[in-house]
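Computed from a predicted structure; not experimentally measured. Letters go in sequence order (proteins before strands), and every chain restarts at 1.
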Protein chains: 2
Amino acid sequence: MDDNYYMKMALQEAQKAYEANEVPVGAVVVCKDRIIARAHNLTETLTDVTAHAEMQAITAASSLLGGKYLNECSLYVTVEPCVMCAGAIGWSQLGKLVYGATDEKRGFTQFAPKALHPKTTVISGIMATECSELIKNFFASKRASLN
Amino acid sequence: MDDNYYMKMALQEAQKAYEANEVPVGAVVVCKDRIIARAHNLTETLTDVTAHAEMQAITAASSLLGGKYLNECSLYVTVEPCVMCAGAIGWSQLGKLVYGATDEKRGFTQFAPKALHPKTTVISGIMATECSELIKNFFASKRASLN
């Protein structure tokens, strides 16, 4: 199993968000080659701005492992985390962060570049086209429905 | 009811955290002169790095109001929000943020200064001494118990 495989799983989660009329972002947490948490954005469904895919994935993984720290885990997320999620990833001391598309408007690399733990490995651009196409299609369909 | 009154209520929440052996940070959300949410840090109790006082207060207030946005609300929190919480406060489009003590190691003003919504009013330093004393006492008692 490589980064592309796990990003495909995160994309499946993003697709579920799309179908639920949520901004399509998905995430999975992997620990010792096993997916231990899957989540997608649920901000509309839960009426809660904190319900981003990454936040739920971190909470679920910590709950499963019985510990707050995710040093031995990798988080795969289809879009670059925002400031909030990067802050949470920082507190979790995540081992490895892999994201697909960049987010120039909200991404942490621009607005909170020191948010992560210094030991966290970061890989970006995995399946970036597929990840960003899903977002673009979502907003295009939203605009079309307004016309 | 003024800022000091609501900060006292946030301090009461922080005291509950202290008694539960959690880093003592408390928060309340006020809407139209009514406290609609109270929360304190529960990261140890819930084994969840995302369970900061502010995150829970935002989630609870949104749930009560039935809407994601808190434009007409004020959040009182005893310590300067971290990057994660500031990101959440930004997404919520909070009307007014009031905090007590500054946090030089983790505070958003240093690590994510643009995280908040541009329309959010920020007031700092309300009951700062009381808010920071509680934190200092907590860590002093932790160190003492290790000796």
Partners of B:E13 by salt bridge (Lys or Arg N to Asp or Glu O under 4.0 Å), sequence neighbours excluded? B:K16
Chain B contact residues among residues 37-49 of chain A, heavy-atom distance under 4.5 Å: A:T43, A:E44, A:T47, A:D48, A:V49
B:A88, part contacting chain A, at a heavy-atom distance under 4.5 Å: both
Mind ranking A:K68, A:K114, A:Q93 by heavy-atom pairs under 4.5 Å with chain B and telling me who comes out on top?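 Counting heavy-atom pairs under 4.5 Å, the top option is A:K68.
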Just by distance, with hydrogens left out, do A:K119 and A:N71 show a side-chain donor and acceptor under 3.5 Å apart? no
Would you tell me whether A:E80 and A:S124 have side-chain atoms, one donor and one acceptor, within less than 3.5 Å of each other?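 No, no side-chain donor-acceptor contact under 3.5 Å.
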Is the closest side-chain heavy-atom distance between B:V28 and B:Q12 below 4.5 Å?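 Answer no - side chains too far apart.
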Check whether any side-chain heavy atom of A:L116 sits under 4.5 Å from a side-chain heavy atom of A:L97, and report yes or no. yes
At a heavy-atom distance under 4.5 Å, which candidate from B:C85, B:S92, B:A115 has the highest pair count against chain A? B:S92
Salt-bridge present (A:K8, A:D3; N to O < 4.0 Å):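 Answer for the salt bridge query: no.
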Any donor and acceptor pair, going by atom type alone, linking the side chain of B:Y18 with main-chain N or O of B:I135 inside 3.5 Å? no
